[in-house]
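Before any comments, here is the structure.
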Amino acid sequence: MSLGSWLRDRPHFLEIVYKAAENFVTRLDPLISWIGYDRVERLITPPEEIAKEIVFDCRMCGQCILHSTGMTCPMTCPKHIRNGPCGGVRGNGHCEVKPEMRCVWVEAYERSLHMPIYGTEMTQLQPPVNKSLRGRAAWITMLTGEDKEVPAGWEGISELTILDADHTCWFSSQEE
Amino acid sequence: MPQEIVPEEQYIAGSRLERILRAGRFAVTAELNPPDSADPQEVYDAALVLSRVCDAINATDASGANCHMSSVAICALLTRAGYEPVMQVSCRDRNRIAVQGDVLGGAAMGVKNLLCLTGDDVSAGDQPESKRVFDLDSIHLLRTVKIMRDQGQYLSGRKINHPPRLFLGAAINPFVQPYEWRPLRLAKKIEAGANFIQTQYCFDLSRFRTFMKRVRDLGIDQKVCILVGVGPLRSDRAAEFMRTKIPGVVIPDEIVDRLRKAPKEKKQEVGKQICVEVIQQVREIKGVAGIHVMAYRQEELVAEIIEEAGLLPRPRQPKAPDEDPFRPDRKWKRKSSD
Ligand code: SF4
């Protein structure tokens, strides 16, 4: 078992690390903006790429939503589905396209059940991917807000409004 | 479907399918097997058989990643002859620019029902070396068309002069993992804009009942019309092929066994019988609004199945005055120069 998959099976630990890192980076924002976002980006892109590649098999889409998708990179889904899974999942839970791989979204769902902080974000409607951010450092696009920019028509769409609040949490339905 | 009375001008698209569902009638849709041909007659021959027994005809968009006549073209032929199509749009072959253009084009030709799919992967088809696009996923596509319809703008925010009026559909597959997540994914699709749903082939009834119970508990059966996918199995070998080779199709062992035990010349009959039984059983499930028949290479059976399931005659819907896309009184805007 690789280090990556060992870590990915500890989603609660990862979400804590994510939260801490997000806090840390946000606090550094004034400093980073003073140095210049593009300069810092040039510096941190390679290490971010290597680290996230090892842990998450990251594809550098530049708008990281890992914490909303069970700490599982949705771009590793061969169909690049951001609101998965598709209907092609095999009987054994493996991917329709790559039979040797477990469906990314089956894993995302299972992991989200162990993520008390961000788990319920799985129900959010994720906007279409902005392909022009590809290859950018997601920490920087987060600070500049570019990762949250959506096409004008999509504005204001994120949470599930058709369910009552207590229904958006499916943890309870698990125990039945 | 919500049962409150809505004046006709407030219908989402006013399609025949929508009218039937709003009237609380059990709807029947069927899939047209797209021809590998440039001859329109092949589409019309298939449509003639289907139109007598169903309320809307699905025009598939290279399903299974196999190339056939395009769904836009089939829809153009169908609407021209007064049939009611459900235009399927998948995200596999076209990016958001192309898809939005097709949606407008389809609506201009009289399409009023649109089914938004992510699409089967290219590896499932006969040209696995193709480039896969998947610029959007099905939920993005649903929402994009909803934005076009309700806000009168493209995804980018640019204005559309005359927004398309479309009854929006989505596909779901309750029969594969992660089972507990499937009802919530349905909720996401409804949130994204789905008005009706067509499911993957339903053979596993107990799984489907569990799924529908959860859907009812969430209250979302009131917000969407669910048409259950059904179809005849030709033989146990066909069933075996489908459940191993076609992604997402689940067929329980009992059904395959039943087909295996049937004598050779009776197999097709038994397959049809199973299909009729499935229809009768899903009809009893609360929250099911209709069926969607997919009879790959067995079109001749569709009429028999629908008849034997007791679903004939189909309700005749009065044609709304705006139903003919080529109505003569239509005033085409022309530039004064020509
Ligand atoms: S089976 Fe899962 S990983 Fe494979 S294409 Fe579908 S959603 Fe993506």
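Every chain is numbered from 1 and lettered A, B, ... according to where its sequence line falls, protein lines coming before strand lines. Side chains are part of it too, since the values below use all heavy atoms of this structure and drop only hydrogens, waters and symmetry mates.
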Contact winner vs chain A - [options], heavy-atom pairs under 4.5 Å:
{"options": "B:Arg132, B:Arg182, B:Gln153", "result": "B:Arg182"}
{"options": "B:Ala124, B:Pro178, B:Ser123", "result": "B:Pro178"}
{"options": "B:Met148, B:Gln177, B:Lys189", "result": "B:Gln177"}
{"options": "B:Arg143, B:Arg158, B:Arg185", "result": "B:Arg185"}

Near B:Ile97 CD1, under 6.0 Å, is it more than 12 heavy atoms from other residues, nucleotides or ligands?
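Counting other residues, nucleotides and ligands, CD1 of B:Ile97 stays at 12 neighbours or fewer.
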
If you count every heavy atom of other residues, nucleotides or ligands that lies below 6.0 Å from A:Phe13 atom CZ, does the total exceed 12?
no

Any idea how B:His140 and A:Trp154 line up, ring-wise: parallel (<30°), tilted (30 to 60°), or perpendicular (>60°)?
perpendicular

Can you give me the closest heavy-atom contact between B:Ala187 and A:Ile162, atom names plus distance?
O-CD1, 3.6 Å

Of all heavy-atom pairs between A:Pro128 and B:Leu136, which one has the smallest distance, and what is that distance?
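Looks like CB-CD2, 3.7 Å.
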
The interface call for A:Gln124 against chain B, heavy-atom contacts under 4.5 Å, is backbone

Would you give the length of the straight line joining atom [atom1] of [X] to atom [atom2] of [Y], rounded to the nearest 0.5 angstrom?
{"X": "A:Thr123", "Y": "B:Glu191", "atom1": "OG1", "atom2": "CD", "result": "9.5 Å"}
{"X": "A:Glu110", "Y": "B:Glu180", "atom1": "CD", "atom2": "CD", "result": "8.5 Å"}
{"X": "B:Leu184", "Y": "A:Leu160", "atom1": "CG", "atom2": "CG", "result": "7.5 Å"}

Toward chain B: residues of residues 71-98 of chain A with heavy atoms under 4.5 Å
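Listed by number: A:Pro78, A:Lys79, A:His80, A:Ile81, A:Arg82, A:Asn83, A:Gly84, A:Pro85, A:Cys86, A:Gly87, A:Gly88, A:Val89, A:Gly91, A:Asn92, A:Gly93, A:Glu96, A:Val97.
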
If you apply the rule side-chain contact (heavy atoms from CB on, under 4.5 Å), what do you find for A:Lys131 with B:Arg96, and how did you get there?
CA-CA 12 Å; A:Lys131 302 290 194 289; B:Arg96 58 192 89 172; 4.1 Å; yes

For chain A, which residues from residues 238-248 of chain B lie under 4.5 Å away (heavy-atom distances)?
B:Pro247, B:Gly248

